[in-house]
Amino acid sequence: MTSSLIRGRPRRARAHISVRVLHALLGALVGVAWLVLPGTASGGAASGGPHRPVAGALGQREDRGTHTADLVLPMIAVAAAGVLASYGFWRRRRRTTGRTTPGGAPATTGEPPDEELDERARDALVHADGWVRVSSEELAFAEARFEAETQDGTEAGAPEEFEDVRRAVREAGTELAAAFHIRWQYEHGVPEEGASRRHALAGIVGRCEEAGRLLDVRAAALDTLRGLEEGPGAALAVAEGRFRGLTARTGGADAALAELAERYAPTASAPVVGNVEQAKDRLVFATTRLNLARQAADAGDVGRAASRLRAAEGAIAQAGVLIDGVERLRGDLAAAAELVPAALTGAETEIAGARQALDGRPSAHPDITPGELRARTGHADVVLAGVRQELASGRPYDPLGLLRRIVRAVAPVAAGRAGVLPAAAALCARAAVAGADDIVATHRAVVGCGARTRLAEARRRANTENLDDMVAADELAEEARDLADQDIRLHGHPPEPTPDQTSAFLGGLLPHPPSYGGPRTSDRRREVDEPR
């Protein structure tokens, strides 16, 4: 519905035109009066009026010269009035024809186009997601230092500032999750009305800004907790200790990958193929930055040492994510292999109940027509037969893949008769969400808003106990991973594509990752490092 403000604009436009026309006519009348009155006065004098007697020929020639001079200024006034009127009319016509809003109303000024606001919202989500991830990452290093000092007896108890910083990260994450959910709804047509959709985009930007503000407020507190200005020695020791632990774990991760390749089908270990190599690349990057940080600390350059330490911590954190991903997948595959037989039994129970509904018994799906229920049941039968055949073949298989096939086939006819299906769906969703999150965390420089939005929605649905939501979470997480892989393939070519630089570029480690904080504070340590 058109607002009264917009409906009133054409009347105001016509009023402006009328005023300008009136001004032009008034100017013309003044000019005409100026032109006529001197002539009238001259005519009266020439006719022998009482105030000016008729002179001779010389006096008549002087009168004629005066009449010519009197015509100049009125003609100039008329011309000026005409020019001003023409200019006003031309300008108004140009503004009117250039409008793009309906009904000839003037376009709204000061508001960006929908495309620009949409782009701004997507950028805000990517940046806010990065702030929350990096802040959580540096907070973990600060807590690790505190734990190390507590074990050494140098600290008596956790300061209250730690809880304040943790709360800021949690609240920022809550704002970010809400912004992502608004984005997800927006992409699916909610809300529908144009003005409401613009408000939704503005809400996304506002929540992302609030997330950044919450982190900015506590950035100084975290710096105090880290104590880097007093000397990065303790923090360097923590980072170097974690670096050594990850270096030792890379051998175990290599062995785990070999075990997965031998025990399961290739699709089972596909999500983590290359993780160990990427982790080693990041550890190489971390080695360089740790050495430079130690050199700067020894030289007394505390600011530069802190900046280089932060870069090393970012690489170490990403290496940990990659190695953890291998170990987590090994555990998930083992759990799925144990759950497949029970899931098959539960699926058969659900299908039997659906068949009973087709025979006339009360149905748990009154909103589904008998024909649709029969089609879903038939599809589930075919899928389960394929799973049994693959299990009986004796060949290596993908336990998570089989579990997904069972859950997705039976969920449309499930009525909660078998409690094992929600457990199977939860395992699949958790594994998929964790795998997609690892991709975003270790390739944060190139993964866009689409993948992050689906990952956030998948995480939200995976935290429910609803079977359909958990199935949807699994599917959304796989979509998020596919989109992230597309972004990586599109941007995975840094200027100097050596292995360690490629890894650092994709992980957002070049020139240096930001620190804890939001838009005002996250880049505070970059200024003290060498020029980019």
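In what follows, every heavy atom counts, from backbone to side chain, and hydrogens, waters and symmetry copies are set aside.
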Is any side-chain heavy atom of [X] less than 4.5 Å from a side-chain heavy atom of [Y]?
{"X": "Arg167", "Y": "Asp164", "result": "yes"}
{"X": "His443", "Y": "His491", "result": "no"}
{"X": "Glu313", "Y": "Leu309", "result": "yes"}
{"X": "Thr247", "Y": "Leu283", "result": "yes"}
{"X": "Arg198", "Y": "Pro112", "result": "yes"}
{"X": "Arg289", "Y": "Leu292", "result": "yes"}
{"X": "Asp474", "Y": "Arg404", "result": "yes"}
{"X": "Leu290", "Y": "Ile316", "result": "yes"}

Over all heavy atoms of both residues, which pair between [X] and [Y] is shortest? Give the atoms and the distance, please.
{"X": "Arg459", "Y": "Asp437", "result": "NH2-OD1, 2.8 Å"}
{"X": "Ala436", "Y": "Leu455", "result": "CB-CD1, 3.9 Å"}
{"X": "Ala148", "Y": "Val238", "result": "CB-CG2, 4.5 Å"}
{"X": "Ala425", "Y": "Leu467", "result": "CB-CD1, 3.6 Å"}
{"X": "Ala128", "Y": "Leu176", "result": "CB-CD1, 3.8 Å"}
{"X": "Val326", "Y": "Ala253", "result": "CG1-O, 3.8 Å"}

Decide, yes or no, whether a salt bridge links [X] with [Y] under the criterion of side-chain N to carboxylate O below 4.0 Å.
{"X": "Glu457", "Y": "Arg460", "result": "yes"}
{"X": "Glu210", "Y": "Arg213", "result": "yes"}
{"X": "Arg461", "Y": "Glu475", "result": "no"}
{"X": "Arg525", "Y": "Asp223", "result": "yes"}
{"X": "Glu240", "Y": "Arg294", "result": "yes"}
{"X": "Glu119", "Y": "Arg122", "result": "yes"}
{"X": "Arg133", "Y": "Asp129", "result": "yes"}
{"X": "Arg197", "Y": "Asp114", "result": "no"}
{"X": "Arg328", "Y": "Asp438", "result": "yes"}
{"X": "Glu478", "Y": "Arg454", "result": "no"}
{"X": "Glu137", "Y": "Arg444", "result": "yes"}
{"X": "Arg170", "Y": "Glu163", "result": "yes"}
{"X": "Arg310", "Y": "Glu138", "result": "yes"}
{"X": "Arg249", "Y": "Asp254", "result": "no"}

Next on the checklist: Would Val134 and Tyr516 count as a side chain to side chain contact (heavy atoms under 4.5 Å, CB included) here? Give the steps.
Outcome noted: CA-CA 6 Å; Val134 170; Tyr516 180 106; over 6 Å; no

Point-to-point distance, once rounded to the nearest 0.5 Å, from [atom1] of [X] to [atom2] of [Y]:
{"X": "Ile351", "Y": "Glu348", "atom1": "CD1", "atom2": "CD", "result": "7.0 Å"}
{"X": "Leu260", "Y": "Arg330", "atom1": "CG", "atom2": "CZ", "result": "7.0 Å"}
{"X": "Leu421", "Y": "Met470", "atom1": "CG", "atom2": "CE", "result": "9.5 Å"}
{"X": "Ile406", "Y": "Arg408", "atom1": "CD1", "atom2": "CZ", "result": "12.5 Å"}
{"X": "Thr174", "Y": "Leu214", "atom1": "OG1", "atom2": "CG", "result": "9.5 Å"}
{"X": "Arg388", "Y": "Leu402", "atom1": "CZ", "atom2": "CG", "result": "12.0 Å"}

Examine distances only and state if a side-chain atom of [X] and a backbone atom of [Y] form a donor-acceptor pair shorter than 3.5 Å.
{"X": "Arg524", "Y": "Thr521", "result": "yes"}
{"X": "Arg430", "Y": "Ala462", "result": "no"}
{"X": "Ser135", "Y": "Gly517", "result": "yes"}
{"X": "Ser196", "Y": "Glu192", "result": "no"}
{"X": "Arg376", "Y": "Pro412", "result": "yes"}
{"X": "Asp523", "Y": "Pro514", "result": "no"}
{"X": "Asp398", "Y": "Ala265", "result": "no"}
{"X": "His181", "Y": "Ala177", "result": "no"}
{"X": "Asn291", "Y": "Thr287", "result": "yes"}
{"X": "Ser522", "Y": "Pro519", "result": "no"}

Next on the checklist: I'd like to know whether Ile323 forms a side chain to side chain contact (heavy atoms under 4.5 Å, CB included) with Asn275, so could you lay out the CA-CA distance, the side-chain angles of the two residues, the decisive distance to 0.1 Å, and finally the verdict.
Outcome noted: CA-CA 7 Å; Ile323 293 175; Asn275 273 30; over 6 Å; no

Item to check | Pair Phe162-Phe146, ring pair (Phe, Tyr, Trp, His ring centres under 6.0 Å): steps then yes or no | outcome: CA-CA 10 Å; Phe162 260 120; Phe146 172 78; 5.5 Å; yes

Checklist entry - Can you list the steps and then say if Trp131 with Leu215 is a side chain to side chain contact (heavy atoms under 4.5 Å, CB included)? => result CA-CA 8 Å; Trp131 297 330; Leu215 298 173; 3.8 Å; yes

Item to check | Test log, rule side chain to side chain contact (heavy atoms under 4.5 Å, CB included), inputs Leu400 and Leu329 | outcome: CA-CA 10 Å; Leu400 276 173; Leu329 181 61; 4.0 Å; yes

Checklist entry - Would you say the side-chain atoms of Thr453 and Arg183 include a donor-acceptor pair closer than 3.5 Å? => result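 No, because no side-chain N or O of Thr453 sits under 3.5 Å from a partner of the opposite role on Arg183.
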
